[in-house]
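Keep in mind that this is a model prediction, so the values were computed, not measured.
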Amino acid sequence: MSEEELRVSKIKYGTVIDHISGGYALDVVKILGITGKEKRIMTIAINVPSKQLGTKDIVKIEGRALNSEEVNKIAIVAPHASINIIKNYSVVEKLEVKLPQIITDIVKCINPVCITNSDEPVGSKFSVESVEPLILKCHYCGYVLEKNDTLSQM
């Protein structure tokens, strides 16, 4: 890539979430609870050309590291993403997100009669039936959620 094509600047310290499927960067930002009112620099690139994916999104967050729960949440909407930890403008650690086979207490069941939506103190639990397209099955009632169902409640 030539200097004329450089669209996203480097960050000194923070996290870069790369290889997000095109069009899902804003969902990743929402999952992380980022509103834009935080006092930190953030870059969001949407539908950037990618040899692997055709198009991809990138989110760069200056001065913030992600915890394992946040990484698991990102895997729900961006199962092919990679997370780069940046220190002094260099990648010091690279993590590949991986969707676990069982997802617990991240997504809620949208079936109103599911026990997880009653007054009982029961957390949600889903098995991953498919990664692409995302299909989750509730452990308790068998209700099937698709990617749009999960995005609407995160």
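Residues Asn111 and Cys141 have side chains in contact (heavy-atom distance under 4.5 Å, counting atoms from C-beta outward). Side-chain contact between Cys109 and Thr116 is present, with at least one heavy-atom pair separated by less than 4.5 Å. Contact annotation: the side chain of Asp149 never approaches that of Val144 to less than 4.5 Å [non-hydrogen atoms, C-beta and beyond]. Side chains of Val29 and Met42 form a contact here, defined as non-hydrogen atoms less than 4.5 Å apart.
The one candidate from Val48, Val28, Ile46 that meets the side-chain contact (heavy atoms from CB on, under 4.5 Å) condition with Asp57 is Ile46.
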| message | Does Val71 form a side-chain contact (heavy atoms from CB on, under 4.5 Å) with Ile74? I'd like the steps, not just the answer. | response | CA-CA 5 Å; Val71 172; Ile74 290 169; 5.5 Å; no
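With rounding to the nearest 0.5 Å, the separation of OG1 in Thr150 from CD1 in Ile110 is 9.5 Å. If you take CG on Leu66 and CD1 on Ile31, they are separated by 11.0 Å, rounding to the nearest 0.5 Å.
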Which atom pairs, one a donor and one an acceptor, fall under 3.5 Å between side chains of residues 11-25 and the rest of the protein, sequence neighbours left out?
{"from": "Thr15", "atom 1": "OG1", "to": "Arg64", "atom 2": "O", "distance (Å)": "2.5"}
{"from": "Asp18", "atom 1": "OD1", "to": "Lys56", "atom 2": "NZ", "distance (Å)": "3.0"}
{"from": "Asp18", "atom 1": "OD2", "to": "Lys56", "atom 2": "NZ", "distance (Å)": "3.4"}
{"from": "His19", "atom 1": "ND1", "to": "Ser82", "atom 2": "OG", "distance (Å)": "3.2"}
{"from": "His19", "atom 1": "NE2", "to": "Gln52", "atom 2": "OE1", "distance (Å)": "3.2"}

Acceptor/donor pairs from residues 83-97 side chains to any protein atom, 3.5 angstrom cut, sequence neighbours excluded:
none

Mind listing the side-chain donor-acceptor pairs of residues 119-135 below 3.5 Å, one per line with the distance, residues two or more places apart or on another chain?
{"from": "Ser124", "atom 1": "OG", "to": "Asp105", "atom 2": "N", "distance (Å)": "3.4"}
{"from": "Ser124", "atom 1": "OG", "to": "Val107", "atom 2": "O", "distance (Å)": "2.5"}
{"from": "Ser127", "atom 1": "OG", "to": "Glu129", "atom 2": "OE2", "distance (Å)": "2.9"}
{"from": "Ser130", "atom 1": "OG", "to": "Pro133", "atom 2": "O", "distance (Å)": "2.6"}

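Atom CD of Glu38 is surrounded by more than 12 heavy atoms from other residues, nucleotides or ligands within 6.0 Å. At most 12 heavy atoms of other shown residues, nucleotides or ligands fall within 6.0 angstrom of atom CD1 in Ile41.
Closest heavy-atom contact between Lys73 and Ile106: CG-CG2, 3.5 Å.
Residues Tyr143 and Tyr140 fall into different hydrophobic clusters, defined by Ile, Leu, Val, Met, Phe, Trp and Tyr side chains chained together at heavy-atom separations under 4.5 Å.
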